Amino acid sequence: MEIWLWVVTALLAVVFLGSGVSKLVKSRRALFESGMTYVQDLHPAVLKGVGVLEAAGALGLVLPPVLDRSVHLVPVAAGALSVMMLVATALHLRRREPFAVPLTLAVVAGALTVLRLTEFPV
């Protein structure tokens, strides 16, 4: 089970790092044209802030155990990412857009949080 948790953690980190960096380096227009139509509802500073939080969360999933420092931050990062994805799900629901991806990410990150806090601590 421990190996699977690390696989899930790594996959979440890749997804959130890619998404966060994309929001940081691409313009709002480029994001909109790539299919992220919700960006029209967000102020540019909020969009960049979300990118920073996603990238920081991704790093928080993998860096503490790799550096063997503050490993208790892994479930904190996973929990924060889960909450962010619940907010993203609400945004997509309000806009009547597909919401399966952010909801799935919220559930997976939430499950990782619970497992890391209880049965399989880092």
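Predicted model only: the values in this text are computed from it and were never measured.
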If Ile, Leu, Val, Met, Phe, Trp and Tyr residues are connected whenever their side-chain heavy atoms lie under 4.5 Å apart, and connections chain through other members, are Leu53 and Leu59 in the same group?
no

Residue pairs, two or more places apart or on separate chains, that pass ring-ring contact (aromatic ring centres under 6.0 Å, His included) and touch residues 95-115
none

So which heavy atom on Arg28 is nearest to which on Leu47, and how close?
CG-CD2, 3.7 Å

Qualifying side chain to side chain donor-acceptor pair (under 3.5 Å) pairs, either residue in residues 41-58, two or more places apart
Ser19-Glu54, Lys23-Glu54, Asp41-Arg95

Suppose the criterion is salt bridge (Lys or Arg N to Asp or Glu O under 4.0 Å): which pairs have a residue in residues 10-20, not counting sequence neighbours?
none

Indicate yes or no: at least one non-hydrogen side-chain atom of Leu105 is less than 4.5 angstrom from one of Leu81.
no

With sequence neighbours left out, write down each residue that passes side chain to side chain contact (heavy atoms under 4.5 Å, CB included) with Ser27, or none if nothing qualifies.
Arg29, Ala30

Determine all donor-acceptor pairs shorter than 3.5 Å in which one atom belongs to a side chain in residues 83-93; sequence neighbours excluded.
from	atom 1	to	atom 2	distance (Å)
Thr89	OG1	Met85	O	2.8
Thr89	OG1	Leu103	N	3.2
His92	ND1	Glu97	OE1	2.8

Shortest non-hydrogen contact from Ala13 to Ala58?
O-CB, 3.3 Å

Is it the case that atom CD1 in Ile3 sees more than 12 heavy atoms from other parts of the structure closer than 6.0 Å?
no

Using the test side chain to side chain contact (heavy atoms under 4.5 Å, CB included), find all partners of Ala77 that sit at least two apart in sequence or belong to another chain.
Leu61

Checking Ser82 now: which residues fulfil side chain to side chain contact (heavy atoms under 4.5 Å, CB included) with it, not counting sequence neighbours?
Ala106, Ala109

If hydrophobic clusters are built by linking Ile, Leu, Val, Met, Phe, Trp and Tyr wherever their side-chain heavy atoms come under 4.5 Å apart, do Tyr38 and Val101 end up in the same one?
yes

Hydrophobic clustering (ILVMFWY, side-chain heavy atoms < 4.5 Å, transitive) - are Val71 and Leu117 grouped together?
no

Path from Leu115 to Val76 over hydrophobic side-chain contacts below 4.5 Å
no

Do Val39 and Val46 share a hydrophobic cluster, counting only Ile, Leu, Val, Met, Phe, Trp and Tyr and linking them when any side-chain heavy atoms are less than 4.5 Å apart?
yes

Side chain to side chain contact (heavy atoms under 4.5 Å, CB included) involving Leu73 - partner list, sequence neighbours excluded
Pro64, Ser70

Going by the rule ring-ring contact (aromatic ring centres under 6.0 Å, His included), which residues pair with Phe32 if we only count those two or more places apart in sequence or in a different chain?
none

Is Val62 close to Leu17 at the side-chain level, that is, under 4.5 Å between some pair of heavy atoms?
no

Could you pull out the closest heavy-atom pair between Ala78 and Leu112, with the gap in Å?
CB-CD2, 4.0 Å

Provide the closest heavy-atom pair for Ser22 versus Leu31 in the form atom of the first, atom of the second, distance.
OG-CD2, 3.6 Å

Please round to the nearest 0.5 Å and tell me the distance separating atom CE of Met36 and atom CG of Leu42.
11.0 Å

Arg69: which residues meet the side-chain hydrogen bond (donor to acceptor under 3.5 Å, both in side chains) condition with it, sequence neighbours left out?
none

